[in-house]
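Single-structure report; data block below.
Proteins come first, then strands; the chains are lettered A, B, ... in the order of their sequence lines, and each starts at number 1.
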Amino acid sequence: MSSRASLAPGGSVFRRRRDGWLGLALVLPALVIFAAFTYYPFFKNFQMGLFKAAPFPNLPSRYVGTAQFTTMLGSADFWDSVKSTAIYALITVPLGVIGGLVMAVLAHQQLRGIRIFRTIFSSSVVSSAAVAAVVFQVILSPQTGYLQTLGIHLPDITSSPTWGLPAMALVSAWQFVGLAFIILTAGLQSLPDEIMEASRVDGATAWTRLWRITFPLLSPTIFFCGVVGVIFSLQSFGQIDIMIGTSNATYTHTNVLIYAIYRLLHVSQNTGLAACYSIALFVITLLVTLIQFRLLEKRVHYAH
Amino acid sequence: MSQVRFDAVSKIFGGTPALTDLSLEVADGELLVLLGPSGCGKTTALRLLAGLEQVSSGTIHIDDADVTNMEPKDRDIAMVFQSYALYPHMSVRKNVEFPLKNAKLPAAEVAARVNEALATVSLTELADRKPGQLSGGQRQRVALARAIVRRPRVFLMDEPLSNLDATLRQQTRADIVALQRRLGVTTVYVTHDQVEAMTMGHRIAVMKGGVLQQVGKPLDLYNEPANAFVAGFLGSPGMNLVAGELRDGQIYIGGDLVGTSSVADTRDVTVGIRAENLRLADVGFSATVVVAEELGADVHVVCETATHERVVVRQAQHATVPTLGDTIALAATGQVYVFDRHTGARLS
């Protein structure tokens, strides 16, 4: 290297090399954490999908290539799980987004005590799946539930093939609605005041303002909320495990992909197939998100 | 055609008065400029007239109708906002037709009026563009088209030129004046730019701290300011205001006689002299030259008096410019104004 190089902006070659090492040292802790808990499990999963677990514990697994993927794609159980997952998401996401939107619009009013409502509306986001499950058990239980005491008699949803999945999706939607509310409230608060005022001066009624101005301007946030909602719903597990559980016969109807993975891994000890299901869930999540971006983004209005 | 009347209108935000006891009339077809620095209450007054804020006390009339508690949409007004407030997701045409659609006018009439409004502001070619694809000046014209398409009783304009560059601002200023004169719509125009106010307004209402200081024709305000604030705010540069003394009708700055007053009194005062009414002289009050600003046709010689007050002298380009740091003598060649040192009220 010529002597000119050492005079380049930013100091000498030695100093730049030293800065490079310093930069690497600074990102190293984050890299180690990501490598250990994200990248390694991610790639390990693909490897596990190529090995079939032995029928008994403590025996070595056997390389079977893509055979387990073929098995999975040919199995009715897998497609039932995909269907349950789809129904689950189709209930959770619209309910959560629409519920969050309605609450965000209501709580956007300048009213006395509105902060209390904002806190209440967003509270479900800090409730864990376990809390959500218990809350709904207390409400829905056919023996001691609040609805029973109010004289509203429901079937036992935890043993109902018809109501099990929708009920679980409802719990998920309740949990997601708090997050949707927070995201959409932030979106509403960032809308320019002058545009809303202009629409008032331009003679728009509250209803017209909502449909023709607020919702179109909020569409990027609604879209974002939908994407987050899909990912959230595809990962719902806790409430199904607590309210239904593997011992309950209804589980075959609430056997969404994430729960099927858990069952394959911990009940059947079938690590290879569980890994295949995990990869399938990853691919589905990726595809759904990409489709959302391709289809919905065309309807989204980004302000300039 | 319409008149606007503020009667003792006040607005208090959380205990802080933003507008105090404003009484003001805007005549039919008049362009009245509300002028003042930031926080003077001019935008508050406009927003109260628009119905975007509620008055704390007082009434607002448009013609004979009391609009004080009316919704903005019921006041038959149109407003141009500082940021233009265009609907970013709608095309230019949709933006302009939005108020007409809200008024549920027949489609044929909507189309005709939108075409006319777009033609008026020379935007017909860009009707299908979104606001994000337009320049600042074009967006401003869309906002104007959206206002004129309504054929409202009153136009409200909130610093509509402040986001444009200097050249475009000057051109658009003339366009707005021409449009307003042609349409003859009563207009209330808010600005902090006194050049805009002087060149555009039939009359100017100068405000400070939420209080109306003076209202009148631009040259009347320039020549006969009611107080030191109005004198200092109008003009480019504003009137020179220097601490002085009144001794039996003689006006002194730093012990030097600069003029006479019709008030035969003796007290401390603020002396006001316009930059064009000062010249370098052999005898006068002394000041030190700080900087000379070359403006092409003129030179502004900025000086500092013995009491560290800034004084600007306007000189023709060919005049001899004094050396920086020199101490010079300044004499008044025109009217010398005298203001109360404490209240700022004009004495003579």
Side-chain angles (χ1 to χ4, degrees), chain A residues 97 101 104-105 108-115 183-227 292-304, chain B residues 43 46-47 49-54 67 70-91 94-105 129-136 139 142-143 145-147 149-152 154-160 163:
Chain A
V97 173
L101 190 58
V105 169
H108 194 53
Q109 317 297 320
Q110 298 298 325
L111 299 174
R112 187 181 287 268
I114 199 71
R115 296 173 84 110
I183 294 171
L184 293 164
T185 295
L188 274 178
Q189 287 176 347
S190 69
L191 296 185
D193 288 341
E194 282 204 340
I195 290 183
M196 305 317 291
E197 288 173 348
S199 65
R200 285 176 65 196
V201 174
D202 281 343
T205 59
W207 192 246
T208 308
R209 287 203 299 276
L210 195 63
W211 282 99
R212 302 267 332 260
I213 309 292
T214 305
F215 286 165
L217 291 183
L218 199 61
S219 58
T221 316
I222 298 172
F223 169 65
F224 172 73
C225 203
V227 172
Q292 277 184 305
F293 269 96
R294 290 293 292 274
L295 292 183
L296 289 180
E297 207 176 28
K298 286 181 186 163
R299 294 168 173 269
V300 168
H301 303 288
Y302 290 101
H304 292 274
Chain B
T43 297
L46 194 78
R47 290 172 61 82
L49 176 54
L52 296 171
E53 305 284 354
Q54 287 299 301
V67 300
M70 267 189 198
E71 278 290 303
K73 65 184 174 66
D74 300 324
R75 297 188 181 205
D76 198 9
I77 47 153
M79 187 159 171
V80 177
F81 290 82
Q82 188 172 4
S83 67
Y84 318 137
L86 301 179
Y87 310 120
H89 55 294
M90 295 185 193
S91 66
K94 296 263 183 212
N95 262 281
V96 177
E97 72 183 20
F98 187 68
L100 302 184
K101 287 261 173 98
N102 290 329
K104 297 194 168 35
L105 293 186
R129 298 255 185 105
K130 293 272 179 69
Q133 298 168 300
L134 303 179
S135 69
R139 288 183 205 188
V142 178
R146 192 174 66 185
V149 80
R150 299 266 306 268
R151 298 179 186 164
V154 185
F155 278 149
L156 310 180
M157 300 199 184
D158 186 9
E159 311 217 17
N163 286 343

Hey, does B/K73 have a side-chain heavy atom less than 4.5 Å from the side chain of B/N102?
no
Residues passing the ring-ring contact (aromatic ring centres under 6.0 Å, His included) test with A/F215, sequence neighbours excluded, are A/W211
Turns out that what part of B/R47 lies under 4.5 Å from chain A's heavy atoms comes down to side chain
Exactly one of A/T185, A/L184, A/I183 clears side chain to side chain contact (heavy atoms under 4.5 Å, CB included) with A/L101, and that residue is A/L184
The interface call for B/L86 against chain A, heavy-atom contacts under 4.5 Å, is backbone
Residue pairs meeting ring-ring contact (aromatic ring centres under 6.0 Å, His included), one or both in residues 186-205 of chain A, sequence neighbours left out, come to none
Bottom line for B/A103: the part with an atom under 4.5 Å from chain A's heavy atoms is neither
Residue from B/R146, B/Q82, B/K101 scoring the most non-hydrogen pairs under 4.5 Å with chain A is B/R146
